[in-house]
Amino acid sequence: MALHAKADNAGKVNFGKPIISAPKGIYKLAFKAIVGKLTFTSTPLTVQVQPDPSKPVKVHVTYSKSRSYTAGDVLPDFDVYVEAEDGSTIMKLPFKNVLMRLWEGSDSVIKPPSSAFSFVPDNKKTRDDTPGHFYFRQRRIPEKASPHNIVFQVSGDNQQVLYSNIVHINIQAGPPHQLVAENVPGTPTVSNTQKSHSRSLIKTLKLQLKDKFSNPTGLNVNGKVIARLMGENNKEEVPKLVGQKATAEFSMSKGSVTVQNLVIQENTPGKDGGEYILRIEVNSQQLKGIKIDPYIQPFLFYNDAKKHYRMAQLTRERDTLMNTITTYKGLFETTKQLIAEMKISLDEAVQNCRGIISELRKLGLYPNQLQTVSQVTALIASCQESRRDFVMQPRRQCSIPRYSTNDHDILGKVCHLAEVTDDDVARVLSWHMASDMDCVITKTTDKAKEVHKICAGRQQVLSIDSIYLRNLPAADKPLPHIKVQIRGYRPPGNPVFARNLLHFTADKQSCQLVFSQLLGDTIVVDTLDDANSYRQTIVKYCACPTLLTRNGERIRSSGKFGGTQNSALPLERMQGRVFGAPLPENYYKAGNKIELLENLVIAIQKREEADQDLKDQLAQEKTPEMQEKVRECQESQEQLDLIERKLGMGLTGNSMPSRPPRNSLNNNNEPPPKRGRTTVRSVSPALSSSSTTSSPGTGRGTRRSQQSPSPSPSRQSKRRKP
């Protein structure tokens, strides 16, 4: 890469402030001047490109890998963190910027499709959670048995999106739960005649073992099924199969069986116009002790062939109406459930807003200031301005030059690793530790040797791995007068360990080790008289550590005090070689307010969106199209009742085929994690259509597909008298 510029009349060139963008490392920068046919090259400058600790570069995912995943079960817990350019973990990544995406498919494309489900991380942390990590726990496995993909995406501040490595899961069907027909037939009608086709109950019917989510299963199951004719009660006469048999058996292989040519016996007993049940049960040694729901097929029996023909027509119309009503009721039930879930989402959003507002009230903000996004945004701007003012306020600064490095094994100089709030304490501690203030702290001895070599031996260094840890005082160690339990003694001067008055600016654990080594059990009290009184009492029971006073005096652990050697210099004479002062407490309060206000903006937006979604859905319920569906369903139900009265039946509920379960990704029967505005499409006169609701929204997931076929029989067939 090269920059070109032309020299001015004085022979000078100004390149401005070029920005170097490159992978981290050390580079050479040289200048070349061309004068006529002569070329002059400068001595190369060394440029070190430092990594950006706030730039995400990689998404790491840790989880317990499993060989198999069962439909409807629970996914393993996922631990996700984002690595920065310098190799550290990004700690202050917004919660909303991390998503788990899940979709069906076996491809290896990392970028998820728009139809993928989305889940946000858990918002409740546990004691063992690592700071900067995001956790996805107890997420339900989809109910459809097929290959699925999982990927974790992280959005940066500059619209950059990072994806983790793709996680492939092959979802297997669960254990057998029910015996289901591949194509559910209508209600058969048979008559007691000589013609075999009038006595035919089942010509061909393929049955398959399925789990409770209707996934085919039982590929390793062999055995047989037993078909049995049954009545409403055990006392009535039940028709027999050909050969005067009460049952028929069929072989099952790999969880599948084909039932063929079930014909009732000629002149078999039975109630004219009666409704009976064909019950097909599984009999397999591999499923012994496991309850498998049998396949139930109702059928009608007649003694008269002409009546059989008329009733067969009525039965076909009955089946059509039953399918129509089932489809309509499925649509209405789905819509009802959707509205209930929307109300739950709205209630959760309202409660979330109230919780944040309650926290903000503790910080001095009133609810009437926090009702709209514009109000909250104005408060955020005000708090940010206040925080900038706090930063610009003059405060005590350490004048000792910093040790410039981005090496994580070098913490820095002692004077920059801690800050002290009180000026008097800062003065006496800085004076007491004057010989240690410019010492560079490293984590390893090798790094300490490296610093020593670079500085030609002129720099003090201390490595943490060279500290004898057993001699260090514990962080919760009690003061001497508490440890020896002097009855009724109230020490003067407010004694406190000096190390407890420090605010650490770097790695807290490492800084605690360093200052415990340098300060030991040094105690700070108010005055010299307080220090002498305290020491005089303590030495009666145990050794007394060094005592410092807030007015600048010192009593050594040997008991020696007085003289210039034990009196701190005035603060102005220390030439800035003191511990700096931390930012004022109001700065951190303003930061806390800003964080809560930003969360409130998101919460208000979610509340408004959830409220609008619910209003739109309720309005959809009142549209003429939906009212027409309700009316058509009622008319169909009336026609069905009339037909069943003519058939002499009362088993509509038992005869109606059950609606297949929907494939759902909800966690623990909760509403979908994220939902946008949902609408139900108007239905066409066709007998099967589907409506899909999806759009980005809030909560824990994003897309939801739901079966809602909407039949609308033609008026001619709908009004035809049976």
Side-chain angles (χ1 to χ4, degrees), residues 115 183-187 313-346 609-647 649-664 666 671-672 675-695 697 703-722:
S115 59
N183 296 307
V184 180
T187 304
Q313 286 183 320
L314 291 177
T315 302
R316 285 193 291 270
E317 291 189 23
R318 171 178 173 268
D319 290 340
T320 300
L321 288 171
M322 285 171 55
N323 290 334
T324 299
I325 294 170
T326 300
T327 306
Y328 272 131
K329 288 185 176 180
L331 172 64
F332 300 152
E333 181 62 29
T334 299
T335 305
K336 181 180 178 182
Q337 181 183 359
L338 185 60
I339 291 174
E341 292 173 353
M342 285 182 170
K343 289 180 179 179
I344 293 174
S345 298
L346 177 59
E609 185 175 356
D611 183 58
Q612 187 61 43
D613 289 344
L614 179 58
K615 289 179 179 178
D616 291 344
Q617 188 60 45
L618 292 175
Q620 178 71 21
E621 290 296 292
K622 299 178 181 179
T623 58
E625 292 82 1
M626 186 59 71
Q627 296 299 320
E628 176 68 15
K629 293 180 180 63
V630 174
R631 187 183 62 80
E632 290 177 357
C633 182
Q634 291 173 348
E635 291 182 359
S636 298
Q637 184 65 54
E638 292 172 359
Q639 293 184 50
L640 178 63
D641 293 341
L642 179 60
I643 289 176
E644 289 189 342
R645 283 197 297 271
K646 292 202 172 189
L647 290 172
M649 296 175 55
L651 298 177
T652 304
N654 295 333
S655 303
M656 292 179 65
S658 60
R659 193 161 55 96
R662 292 180 297 144
N663 186 22
S664 174
N666 296 350
R675 174 179 290 108
R677 184 170 302 175
T678 308
T679 59
V680 180
R681 290 189 294 182
S682 60
V683 292
S684 64
L687 264 183
S688 63
S689 63
S690 63
S691 100
T692 304
T693 64
S694 67
S695 70
R703 188 173 176 88
R704 180 183 183 89
S705 296
Q706 54 193 26
Q707 296 290 335
S708 56
S710 321
S712 182
S714 66
R715 295 191 178 273
Q716 180 179 358
S717 63
K718 189 168 57 177
R719 296 182 178 177
R720 185 177 58 186
K721 300 298 181 182

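All residue numbers refer to positions in the sequence shown, counting from 1.
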So do the side chains of Q637 and K329 get within less than 4.5 Å of each other, counting heavy atoms only?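 Side chain of Q637 against side chain of K329, heavy atoms only: contact under 4.5 Å found.
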Beyond-backbone contact of M322 with I325, side-chain heavy atoms, under 4.5 angstrom: no
Under a 3.5 Å cutoff, is there a donor and acceptor pairing between the side chains of Q620 and D616?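 No pair is found: no donor N or O on one side chain lies under 3.5 Å from an acceptor on the other.
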Could you tell me if Q634 and E638 have a donor-acceptor pair between their side chains, going purely by distance under 3.5 Å?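 The criterion, which ignores hydrogens and geometry beyond distance, is not satisfied for Q634 and E638.
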Going through the distances and angles, do E625 and K629 end up as a salt bridge (Lys or Arg N to Asp or Glu O under 4.0 Å)? CA-CA 6 Å; E625 292 82 1; K629 293 180 180 63; over 6 Å; no
Once rounded to the nearest 0.5 Å, what's the spacing between atom CG of L338 and atom CG of L614?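 Spacing of CG (L338) from CG (L614) equals 9.5 Å.
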Nearest 0.5 angstrom please: D613 CG to I339 CD1, how far? 12.0 Å
Looking only at heavy atoms, the pair that brings M342 and Q617 closest together is SD-CB, 3.7 Å
Checking salt bridge (Lys or Arg N to Asp or Glu O under 4.0 Å) for the pair K336/E333: CA distance, chi angles, key distance, verdict? CA-CA 5 Å; K336 181 180 178 182; E333 181 62 29; 5.1 Å; no
Just to verify, which of N323, L640, L642 counts as forming a side chain to side chain contact (heavy atoms under 4.5 Å, CB included) with R318? L640
Please determine which of D641, L321, T327 meets the side chain to side chain contact (heavy atoms under 4.5 Å, CB included) test together with S636.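 With S636 as partner, D641, L321, T327 yield a single side chain to side chain contact (heavy atoms under 4.5 Å, CB included), made by L321.
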Main-chain N/O of A619 paired with T623 side-chain donor or acceptor, under 3.5 Å: no
Assess the residue pair D611 and K615 against the criterion (salt bridge (Lys or Arg N to Asp or Glu O under 4.0 Å)); give the C-alpha distance rounded to whole Å, side-chain angles, the decisive distance to 0.1 Å, and a yes or no. CA-CA 6 Å; D611 183 58; K615 289 179 179 178; 3.2 Å; yes
Apply side chain to side chain contact (heavy atoms under 4.5 Å, CB included) to the pair K343 and L346, showing each step before the final yes or no. CA-CA 5 Å; K343 289 180 179 179; L346 177 59; 5.6 Å; no
